[in-house]
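Heads up, the thing below is written out as structure tokens.
Just so you know, ligand 1 is whichever comes first in the structure, and atom 1 is the first atom listed for that ligand.
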Amino acid sequence: MGSAASQHRPDTAAAVVAMVGAGQLAQMTQQAAIALGVQLRVLAQLPDEPAVLAGADHRLGSPDDLQALLALADGADVVTFDHEQIDPGLLVELERAGVNLQPAPAAKLLAQDKLHARRELERMGFPVPPFTHAHSVEQVQAFAQQHGWPLVAKTPRGGYDGRGVFELADPEQAAAELATHPDGLLLEPLLEIRRELAAMVARSTTGEQVAYPVVESVQRDAMCREILAPAPIDAELAQQAAQMALQIAQRAGITGVVALELFDTPAGLLVNELALRPHNSGHYTIEGCVTSQFEQHLRGVLGWPLGATELTAPAVVMVNVVGAADGSDPLRRIPQALAVAGAHVHLYAKTARPGRKLGHVTVCGADLQGARATALRAARELGSEP
Ligand SMILES: Nc1ncnc2c1ncn2[C@@H]1O[C@H](COP(=O)(O)OP(=O)(O)OP(=O)(O)O)[C@@H](O)[C@H]1O
Ligand SMILES: [Mg+2]
């Protein structure tokens, strides 16, 4: 265990977890790894990425480069991910080379390709929005005839934080978008969404599974801005969402944590998408649950016993710190945010840019309304646009 290039003790018995990606999810996984004595080794493109700055061992390279991925995997007990932006074909090659990938490539594809996920989940009998894969304006028009304009179009691969999701107002716009998307577009109706929910579960390589409380995800401009835990919904709906996530995790053979994004619509719960990694909807678990999603992911991919998922307070709210239009850096305003009693501030050491997720604030409280007001106040002190 451990490689010659490791900055850690060479004689250690510590488990080595390699993670493709070195952003804020890897940074927070590093915090959990320290407590468990796990050596986290990340694949970073640049030496100033958040997880590298947080002290994780690292290899420099691109996730598109098989040699870089093999070097990352060399001597590691398991390889896992902090994002989906990696060619599924490379993962299959790594698997063939004997690398222990958790989750496995076939499961990971559910998070990498929205079209594949829609088809698979539908095949397994889970409720998904009406969808089609369109390559021509005629196909778009036929779908619009059934569901009405505007439509929602998505690039099947490569999107995140709403990038790759846009509305199509009419056939002209459809023609323009199809011209720049030669692989076609995933189309859906513009759904009437009452609430967006996220159901997180964890599954260990041993098959053990646990579910976190179902949360509400508040989106603005197709980006997650707030998480309310537990979701203010009736127990039956929450139970239904959690059961769906548990069943999907089991049937797809997912390992580590998985976040299931759901739409609560007049037609019932619909599955939007999955993330097979720690997720923005689970940041609140650091202070808000007995076991954080980051620790849980490490336990799951290593085949270790999973931790308890109960809330540590009656209500927990997380608010993202999003870069302000003027480009100001929240790092300069930490003392002001810390003056807000009860605010747990997390910043990701990322360069401030308008609209970029730069950190988050979590507040544990007696009720959602109070916790939310406090979290929003602290986020505003950090310059976050509401
Ligand atoms: N068919 C739809 N009808 C209405 N709103 C939608 C629809 N699909 C997506 N949205 C909105 O856009 C958001 C982003 O969509 P989606 O989750 O598919 O994209 P993403 O960029 O992968 O997301 P993420 O922010 O999770 O990375 C959703 O959370 C929802 O608010
Ligand atoms: Mg999403």
Side-chain angles (χ1 to χ4, degrees), residues 21 23-25 81-86 108-122 126-134 140 143-144 146-169 174 177 181 185-200 214-228 231 241 245 248 257-284 293 318-323 348 355-358 360:
Q24 67 262 27
L25 301 176
F81 312 91
D82 101 328
H83 60 73
E84 347 281 3
Q85 318 298 332
I86 171 168
K108 183 71 179 169
L109 192 59
L110 288 172
Q112 294 179 299
D113 188 317
K114 290 182 182 189
L115 190 59
H116 170 74
R118 285 272 183 280
R119 288 179 178 143
E120 273 300 292
L121 292 171
E122 187 172 61
F126 293 100
V128 297
F131 71 96
T132 194
H133 188 204
V140 179
F143 192 74
Q146 264 183 294
H147 300 284
W149 299 96
L151 297 171
V152 174
K154 302 182 178 181
T155 54
R157 291 188 182 185
Y160 67 99
D161 286 350
R163 281 163 248 203
V165 177
F166 45 93
E167 285 185 24
L168 296 180
E177 291 294 349
H181 295 93
L185 290 167
L186 168 61
L187 299 183
E188 297 168 8
L190 180 64
L191 297 163
E192 185 187 335
I193 299 171
R194 288 198 282 237
R195 278 177 210 279
E196 299 198 32
L197 304 173
M200 173 168 280
V214 172
V215 300
E216 176 172 357
S217 156
V218 180
Q219 312 271 133
R220 282 192 281 283
D221 301 326
M223 191 205 246
C224 172
R225 300 298 298 259
E226 300 174 21
I227 293 294
L228 313 182
I248 291 171
V257 292
V258 47
L260 185 68
E261 295 180 8
L262 297 144
F263 296 146
D264 178 14
T265 75
L269 285 181
L270 300 176
V271 176
N272 176 35
E273 62 169 351
L274 297 109
L276 274 65
R277 53 168 169 78
H279 187 252
N280 198 168
S281 66
H283 291 357
Y284 82 94
Q293 63 165 347
M318 184 233 52
V319 172
N320 278 334
V321 175
V322 175
Y348 307 147
R356 192 179 198 198
K357 285 179 188 166
L358 302 173
H360 71 266

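Taking 4.5 Å as the limit, some side-chain heavy atom of E84 sits within range of a side-chain heavy atom of R277. I227 is not listed as a side-chain neighbour of H283, based on a closest heavy-atom distance of 4.5 Å or more. Between R118 and N272 there is a side-chain heavy-atom pair separated by less than 4.5 Å.
Summary of contacts: the protein heavy atom closest to atom 21 (O) of ligand 1 is G162 N, 2.6 Å. Nearest protein heavy-atom neighbour of atom 19 (O) of ligand 1: K114 NZ, 3.0 Å. With hydrogens left out, the protein atom closest to atom 24 (P) of ligand 1 is D161 N, 3.5 Å, a heavy atom. For atom 29 (O) of ligand 1, the nearest protein heavy atom (residue, atom name, distance) is E196 OE1, 2.7 Å. Scanning the protein heavy atoms around atom 10 (N) of ligand 1, the nearest turns out to be F263 CZ, 4.0 Å. Protein heavy atom in closest approach to atom 14 (C) of ligand 1: A222 O, 3.8 Å. Of the protein's heavy atoms, I193 CD1, 3.5 Å lies nearest to atom 5 (N) of ligand 1. At the shortest separation from atom 23 (O) of ligand 1 among protein heavy atoms lies E273 OE2, 3.1 Å.
When heavy-atom distances to ligand 1 are checked against a 4.0 Å cut-off, N272 comes that close only through its side chain, counted from C-beta outward. The part of V165 lying near ligand 1 is the side chain, judged by heavy-atom distances below 4.0 Å.
Using a 4.0 angstrom heavy-atom cutoff, S217 does not count as in contact with ligand 1. Heavy-atom separations between M223 and ligand 1 are all 4.0 Å or longer.
Using modelled atom types, one side-chain atom of D82 and one backbone atom of G23 make a donor-acceptor pair closer than 3.5 Å. Listed for the T132 side chain is no donor-acceptor partner under 3.5 Å among the backbone atoms of A134. Side-chain atoms of R225 do not come within 3.5 Å of backbone N or O of S217 as any donor-acceptor pair.
Annotation: side-chain contact (heavy atoms from CB on, under 4.5 Å) contacts of V165 (sequence neighbours excluded): K114, V152, K154. For F143, the ring pair (Phe, Tyr, Trp, His ring centres under 6.0 Å) criterion is met by H147, not counting sequence neighbours.
Looking at E226, H360, M318 one by one, the single match for side-chain contact (heavy atoms from CB on, under 4.5 Å) with Y284 turns out to be M318.
D264 and R194 are joined by a salt bridge, as a carboxylate oxygen and a charged side-chain nitrogen come within less than 4.0 angstrom of each other.
Heavy-atom proximity to K154, at under 4.0 Å, picks out these atoms of ligand 1: 8 (N), 9 (C), 18 (O). Numbered from 1 in the order shown, with element, the atoms of ligand 1 that lie under 4.0 Å from a heavy atom of E261 read 17 (O), 26 (O). Close contacts of ligand 1 with P189, meaning ligand atoms under 4.0 Å from a residue heavy atom, involve 1 (N), 2 (C), 3 (N).
Angle subtended at the Mg ion (ligand 2) by E261 OE1 and E273 OE2: 100°, rounded to 10 degrees.
For L191, a nitrogen or oxygen atom sits less than 3.5 Å from a nitrogen or oxygen atom of ligand 1, counting backbone and side chain alike.
For the residue pair H279 / E261, a side-chain donor-acceptor distance below 3.5 Å is found, with atom types taken as modelled.
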